[in-house]
Amino acid sequence: MIRLASVTKRYSVGGRPALHGVTAQIDAGEFVFLVGPSGSGKSTLLRLLIREERASEGLVEVAGRDVARIADRRVPLLRRTVGCVFQDFRLLPDRTVAGNVAFALDVVGRPRHVVRSVVPEVLELVGLTGKEKRFPDELSGGEQQRVAIARAFVGRPLILLADEPTGNLDPATSAEIMDLLDDINQAGTTVLMATHNAGLVDAMRRRVLELDAGILVRDEHRGGYDATPATPATSATVPASAAPASAATGLPGVPGASGVPAQRAPSAGDLVGRPAEPAGLAGPAEPAGSVGRPGRPGERPA
Ligand SMILES: Nc1ncnc2c1ncn2[C@@H]1O[C@H](COP(=O)(O)OP(=O)(O)OP(=O)(O)O)[C@@H](O)[C@H]1O
């Protein structure tokens, strides 16, 4: 679903790279935490996936497409495949709850009757039924984040990226937001969440990718916020904590970060079904000539 191969990102020529040689693969249906100190490159990595930034070197593949080769006019299709949630919610202040969610469908030209039927379903999913007509400044932080998640999810993206989604929330509200993201993941959406929240990562025990100064230093199956120390029992086999980029390499014997979710009844899927295939993105690669902009120095040739 997501593949990074030797990805380096420099914001300035000759500057220290924000990401350096990152190789990782995230399969469909996984829930993956992206951790690391401030400035380690987490947001940069997420921005590469929606082509808000371009890699300086290496391959970034999303839903089977090399994002560097997606024509500019098709970038909106990429962003329909990838929903985004941010720490600061980024709601439209002059639109109601329902209006914020509907906006995501309006901009991609979904018919009015579809918007009218889907928006209440998604608001029910995120627990905001009854608050459709409120404006963002009439909501708590947790409710605002629920609206943001509803907006990101309403188009049923294949992937949900969350950049510190609980950063502005108290612990109880953060846990509720995590339950919601978990529900969405259970319904089939791949979730990649950047966070500093050690408690949530430790409680969820999902796959953890850790960046340090732009380098992927850990890829741990069911990891904690901090690396799990190898024990004699695990070191006799293959310690998960010693498997950087294991899923990316696909090496035999290295435990893949399957992200197999705990078994329980799906709820997001009950309401809105499984994520759609990426319209216009899953097809055959565009010929190089259709790429909308010339490559920058250091980018992979189109
Ligand atoms: N637009 C930009 N222009 C120049 N440098 C940038 C830009 N965005 C990020 N950087 C630099 O890239 C590095 C990685 O930043 P990034 O925001 O990806 O880190 P992060 O791990 O998300 O940090 P935080 O946890 O504080 O959000 C930092 O050194 C940062 O200063």
Side-chain angles (χ1 to χ4, degrees), residues 2-26 31-62 67-68 72 75 78-79 82-90 141 144-145 148-149 152 159-171 174 177-178 181 190-204 206-220 223-227 244-245 248 257 293 295-299:
I2 293 172
R3 191 159 76 94
L4 303 172
S6 304
V7 170
T8 292
K9 170 65 186 175
R10 282 186 198 83
Y11 284 102
S12 58
V13 179
R16 185 177 74 79
L19 291 174
H20 188 69
V22 173
T23 293
Q25 178 169 316
I26 296 173
F31 191 121
V32 180
F33 286 116
L34 184 59
V35 305
S38 190
S40 57
K42 303 181 295 299
S43 300
T44 297
L45 192 154
L46 298 183
R47 286 201 288 266
L48 293 179
L49 300 178
I50 52 170
R51 221 177 76 179
E52 209 174 283
E53 294 288 347
R54 285 172 174 260
S56 311
E57 296 162 30
L59 171 73
V60 178
E61 219 175 69
V62 174
V67 301
D72 286 349
V75 168
L78 170 70
R79 294 182 184 161
V82 187
C84 293
V85 177
F86 304 94
Q87 175 172 354
D88 55 0
F89 320 134
R90 303 194 189 176
Q144 290 185 58
Q145 194 57 294
I149 291 170
I159 301 166
L160 186 71
L161 304 180
D163 196 354
E164 199 72 52
T166 62
N168 286 343
L169 307 176
D170 63 51
S174 298
I177 292 296
M178 289 313 298
L181 293 177
T190 306
V191 176
L192 176 59
M193 170 174 159
T195 187
H196 289 286
N197 192 320
L200 290 177
V201 176
D202 289 344
M204 297 265 298
R206 297 302 179 88
R207 181 181 176 192
V208 174
L209 300 178
E210 180 177 343
L211 290 169
D212 189 8
I215 295 171
L216 183 65
V217 294
R218 179 163 60 112
D219 182 351
E220 185 176 2
Y225 190 78
D226 297 307
R293 60 175 281 293
R296 294 178 189 160
E299 281 181 349

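Counting starts at 1 for both ligands and their atoms, in listed order.
Salt bridge annotation for Glu53-Lys9: present, with a cationic side-chain nitrogen under 4.0 angstrom from a carboxylate oxygen. Between Arg54 and Asp72, at least one side-chain nitrogen of the basic residue sits less than 4.0 Å from a carboxylate oxygen of the acidic one, meeting the salt-bridge criterion.
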For residues 10-22, tabulate all N or O donor-acceptor pairs below 3.5 Å that involve a side-chain atom, not counting sequence neighbours.
from, atom 1, to, atom 2, distance (Å)
Arg10, NH1, Glu57, OE2, 3.1
Tyr11, OH, Thr44, OG1, 2.8
Tyr11, OH, Arg47, NH2, 2.8

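Qualifying side chain to side chain donor-acceptor pair (under 3.5 Å) partners for Gln144, counting only residues two or more places apart in sequence or in other chains: none. Remark: Asp163 engages Ser43 in a side chain to side chain donor-acceptor pair (under 3.5 Å) (not counting sequence neighbours).
Taking 4.5 Å as the limit, some side-chain heavy atom of Ile149 sits within range of a side-chain heavy atom of Val85.
Within 4.0 Å of ligand 1, counting heavy atoms only, the contacting residues are Tyr11, Arg16, Ala18, Pro37, Ser38, Gly39, Ser40, Gly41, Lys42, Ser43, Thr44, Arg47, His196.
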